[in-house]
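In what follows, a structure is listed as structure tokens, so that the remarks can point back to it.
Proteins get letters first, then strands, A, B, ... in listed order; numbering begins at 1 in each.
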2 protein chains.
Amino acid sequence: MPYFDMASAAPLHPVAREALLAALDDGWADPARLYREGRRARLLLDAARQTAAEVVGCRPDELTFTPSGTAALHTGVAGAMAGRRRTGRHVVVSAVEHSAVLHAAERHDSTQVAVDRTGRLDPADLAAALRPDTALACVQSANHEVGTVQPVAEAAAMCRAAGVPLLVDAAQSLAWGPVAEGWSLLAGSAHKWGGPPGVGLLAVAKGTRFAPAHPADEREAGRSPGFPNLPAVVAAAASLRAVRAQASEEAVRLSALVDRIRARVPELVPDVEVVGHDRLRLPHLVTFSCLYVDGEALLTALDRAGFSVSSGSSCTSSTLTPSHVLRAMGVLSEGNVRVSLPPGTQSSEVEAFLAALPGVVSEVRAQLGAPSTPHPASPPEPEPEPAPDLVVDSLGKRCPIPVIELAKAITQVPVGAVVTVLSDDEAAALDIPAWCTMRTHTYLGPNPAPRGTAYRIRRAT
Amino acid sequence: MPYFDMASAAPLHPVAREALLAALDDGWADPARLYREGRRARLLLDAARQTAAEVVGCRPDELTFTPSGTAALHTGVAGAMAGRRRTGRHVVVSAVEHSAVLHAAERHDSTQVAVDRTGRLDPADLAAALRPDTALACVQSANHEVGTVQPVAEAAAMCRAAGVPLLVDAAQSLAWGPVAEGWSLLAGSAHKWGGPPGVGLLAVAKGTRFAPAHPADEREAGRSPGFPNLPAVVAAAASLRAVRAQASEEAVRLSALVDRIRARVPELVPDVEVVGHDRLRLPHLVTFSCLYVDGEALLTALDRAGFSVSSGSSCTSSTLTPSHVLRAMGVLSEGNVRVSLPPGTQSSEVEAFLAALPGVVSEVRAQLGAPSTPHPASPPEPEPEPAPDLVVDSLGKRCPIPVIELAKAITQVPVGAVVTVLSDDEAAALDIPAWCTMRTHTYLGPNPAPRGTAYRIRRAT
């Protein structure tokens with residue numbers, strides 16, 4: 001039963017498990033204490049810090065263990081902003097950062113830098129967003145939803161030139177290799193590389209202004225309050241070293257499997273958009289969106305077929321909004337599937353996924369009454385009594401229904417006529433333009449409506 | 001080799017270890033995900049919450065898991081203050097709360113309520129400190145350094161009458177029994193009861209105003225950001241239930257051992273002050289201070305003798321200040337030893353400690369050149385050429401040297417004469433008055449001096 005959601009959480013690495021068990025026996029005491037159990041715990045903590053610092057590429061005294069990757073990001077953003085409060089309270093973030101960064105930035109005066117359709121930031125756009133009162137910039141090393149690798153070295157150069165510290169969220173890439181030089185703060189999360197949950201990393205490079213924004217606490221150089229989660233920290237450091245040792249070899253192998261998925265999915269499944277950069281990407285991650293598909297139904301059907309994947313579709317989120325990453329990229333969000341392969345994934349597992357996917361998508365589309373896909377070579381369906389224009393009331397209907405109703409309606413108007421879709425579903429704002437691009441109809445834009453929004457589409461072919 | 005520092009961290013309970021191992025296999029995935037690994041993790045998380053809530057005595061939806069006891073306290077104070085920001089920003093705390101509470105309170109307008117010499121709060125003093133703009137009061141269930149149990153039920157009644165929510169730090173008592181009713185927020189820490197590190201509890205009673213003060217995050221009802229530390233949470237809940245099941249029996253047994261220590265230490269070691277309440281106390285914890293003893297040297301010597309204990313003496317703290325708890329109680333801080341017995345401690349281990357202690361204390365005192373203790377029945381030492389008054393320059397010398405030099409100087413002045421000790425050691429402010437009380441000399445108070453403080457003592461006998 002293949003688990004393909006490595007980007008969310010990885011099963012515990014055998015090295016992590018072994019280290020955790022040993023440290024539960026030897027490392028439960030308070031490392032700040034003077035007695036032997038405390039001294040033993042302190043030795044373990046120091047060794048773990050040394051190991052993790054070597055892999056991260058920093059000095060041990062620059063590295064702090066936090067209770068999670070989210071805590072590392074929250075603490076990093078808050079501490080860096082507080083450290084430079086005399087400069088200002090402006091923070092620049094890419095629009096595709098992890099929500100932990102975006103939410104931390106919201107507490108300040110924040111500017112989001114747009115990305116292109118592959119999810120990649122242009123360093124020049126970052127530079128243009130920096131202001132005299134910018135206290136911090138945040139750029140991820142690689143995106144957690146679509147795998148696109150960001151130009152961190154160039155971003156760091158731009159920031160350095162402007163005298164602005166750069167925080168790099170390396171949660172998705174730390175297992176695969178070091179972050180390009182030039183970062184001021186760096187954050188990571190152990191359970192993304194096969195370490196246990198409950199451990200994040202925050203590195204603050206010497207010379208970076210940093211003022212803890214939480215209540216005073218002596219632990220972790222004052223940068224992360226609370227009793228250290230020592231057994232988990234030991235396991236995190238040991239497994240980080242272990243996965244990094246296998247990284248180059250595994251990256252080549254998994255990258256080939258991802259290339260296979262990227263190539264085959266659009267051949268096997270009609271009306272699919274593979275999103276994210278095709279080369280500048282994480283080795284193990286690929287994301288695609290399927291037109292006329294309900295993401296939650298797709299995930300459930302894939303789960304029944306034995307595949308555990310993730311989705312950025314609105315129907316799979318508690319807020320019923322599509323992933324902010326897909327939205328920033330301007331790509332289709334409906335029927336979204338993220339596949340992230342754990343180390344050791346076999347080619348046969350990927351082939352099994354490719355074999356199962358077309359049937360699963362067809363089944364979900366059939367349940368929703370999705371329009372059949374026009375074959376490029378076949379003639380357009382006969383148009384029954386075309387009305388000049390048409391208004392489709394999709395109010396109260398959720399993704400992917402508004403797009404399905406649009407696709408049906410467009411066949412009922414003549415080329416050149418306009419279909420107006422009334423929808424109050426947030427995903428429609430993203431998916432209707434994306435559908436127009438895929439179908440080469442002309443998107444005329446959204447208009448305010450008494451309820452929801454009126455999306456206007458001119459039939460082109 | 002007895003470990004007597006349960007109040008700092010407990011070795012992992014066998015039930016916690018077993019639950020942790022099982023949950024590492026079954027509970028590593030993201031419980032927010034829809035696939036089978038996620039659903040399995042969700043079931044484990046829900047069951048853990050149910051178990052912990054039953055033991056705490058609250059509803060599952062009132063209980064949040066946090067990354068540590070410190071995080072629970074920080075989050076609880078910040079969230080409760082933010083939830084009542086329209087009432088005001090005043091917070092009332094007992095002077096002997098854990099430093100995590102005091103540091104969290106420092107960020108607001110805080111009032112510390114004094115305690116008596118046993119470390120116990122008078123609920124009337126708490127009530128008197130409440131103001132119309134008081135948004136929160138914080139009272140621990142039992143003190144972490146001296147074991148004194150606080151009148152939580154009475155404090156809760158006072159707070160309820162004033163319409164002020166009460167946060168109870170139950171970190172030290174949760175293993176022993178439920179907290180008296182009437183709390184609005186309750187915090188705990190798993191590694192204090194034999195659970196793994198990395199797990200705290202925060203319960204927020206229905207009807208309590210609470211506004212998360214950290215960046216937005218969907219986890220744990222928005223009250224604790226970051227990926228849940230699920231295996232540790234499962235282990236924490238299982239071990240809490242297990243220790244609570246044995247608590248009554250173990251409390252009776254350990255309390256008798258503590259009574260034995262409380263009675264025997266003053267008989268075996270001269271010039272010892274046992275601190276904390278003799279009846280209203282935790283079953284497993286006893287603290288005493290030894291005159292003319294360096295706390296760090298004592299801990300080191302006890303460690304060599306095979307006993308792991310803790311200390312609130314200034315020389316064992318990174319800030320070189322005596323414990324704020326001992327200071328608030330106004331008791332001797334030098335040579336301070338906290339003994340907290342883990343469940344299962346044997347009478348023979350306690351007897352071995354009592355057998356070793358007198359020799360260890362004598363050894364440390366001899367190294368410091370401490371004055372020999374006057375035997376009540378023996379005549380006072382002959383006074384060599386008494387000078388009317390004397391000034392002792394102890395500047396630059398650290399605890400317990402100023403008190404040792406005072407004890408030697410007092411024999412050189414006639415009864416009724418004054419010894420002035422010049423000291424810049426923070427512990428002297430606590431220990432010189434405490435010594436005067438133990439020796440029945442008259443403490444005339446501190447005066448400012450060009451360097452440090454001039455402590456004036458009139459010889460009484």
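Across B/T70 and A/F227, no two heavy atoms sit closer than the pair OG1-N, 4.4 Å. Annotation for B/R36 and A/F307: closest pair NH2-N, 3.5 Å, computed over non-hydrogen atoms. Summarising the geometry of B/P231 relative to A/P197, their closest heavy-atom pair is CD-CG, 3.6 Å, with the distance given to 0.1 Å. Closest heavy-atom contact between B/G226 and A/S68: CA-OG, 3.8 Å.
Residue A/A104 touches chain B through both its backbone and its side chain, counting heavy-atom pairs closer than 4.5 Å. The part of B/L20 that comes within reach of chain A is its side chain, from C-beta onward, which places non-hydrogen atoms under 4.5 angstrom from that chain. Contact annotation for B/S308: both backbone and side-chain heavy atoms come within less than 4.5 Å of a heavy atom of chain A. Of the two parts of B/A41, neither the backbone nor the side chain holds a non-hydrogen atom closer than 4.5 Å to a non-hydrogen atom of chain A. The contact between B/P228 and chain A is made entirely by backbone atoms, counting heavy-atom distances below 4.5 Å. Both the backbone and the side chain of B/A216 come within contact range of chain A, with heavy atoms under 4.5 Å apart. Of the atoms belonging to B/V233, not a single heavy atom falls under 4.5 Å from chain A.
A salt bridge is absent between A/R33 and B/D303: the closest approach of a Lys/Arg side-chain nitrogen to an acidic carboxylate oxygen does not fall below 4.0 angstrom.
The number of heavy-atom neighbours closer than 6.0 Å to CZ of A/R85, taken from other residues, nucleotides and ligands shown, is 12 or below. No more than 12 heavy atoms of other residues, nucleotides or ligands sit less than 6.0 Å from atom CD of A/E18.
Ranking A/A29, A/A78, A/A10, A/A32 against chain B, the residue ahead of the rest is A/A10, based on heavy-atom pairs under 4.5 Å. Between chain A and the options B/R304, B/R219, B/R17, B/E296, the largest number of non-hydrogen pairs under 4.5 Å is found for B/R17. Among A/S310, A/G200, A/A71, the residue making the largest number of heavy-atom pairs under 4.5 Å with chain B is A/S310. Here B/P11 is the residue among B/A9, B/P225, B/P11 with the most heavy-atom pairs under 4.5 Å with chain A. Between chain A and the residues B/L12, B/D30, B/D5, the largest count of heavy-atom pairs under 4.5 Å involves B/D5. The greatest number of non-hydrogen atom pairs below 4.5 Å with chain A, out of B/T300, B/D25, B/L230, is found for B/D25.
Taking CG from B/D217 and CG from A/L73, the interatomic distance works out to 11.0 Å, rounded to the nearest 0.5 Å. If you take NE2 on B/H191 and CG on A/N229, they are separated by 10.0 Å, rounding to the nearest 0.5 Å. B/H103 contributes atom NE2, which lies 7.5 Å from atom CD of A/E218 (distance to the nearest 0.5 angstrom).
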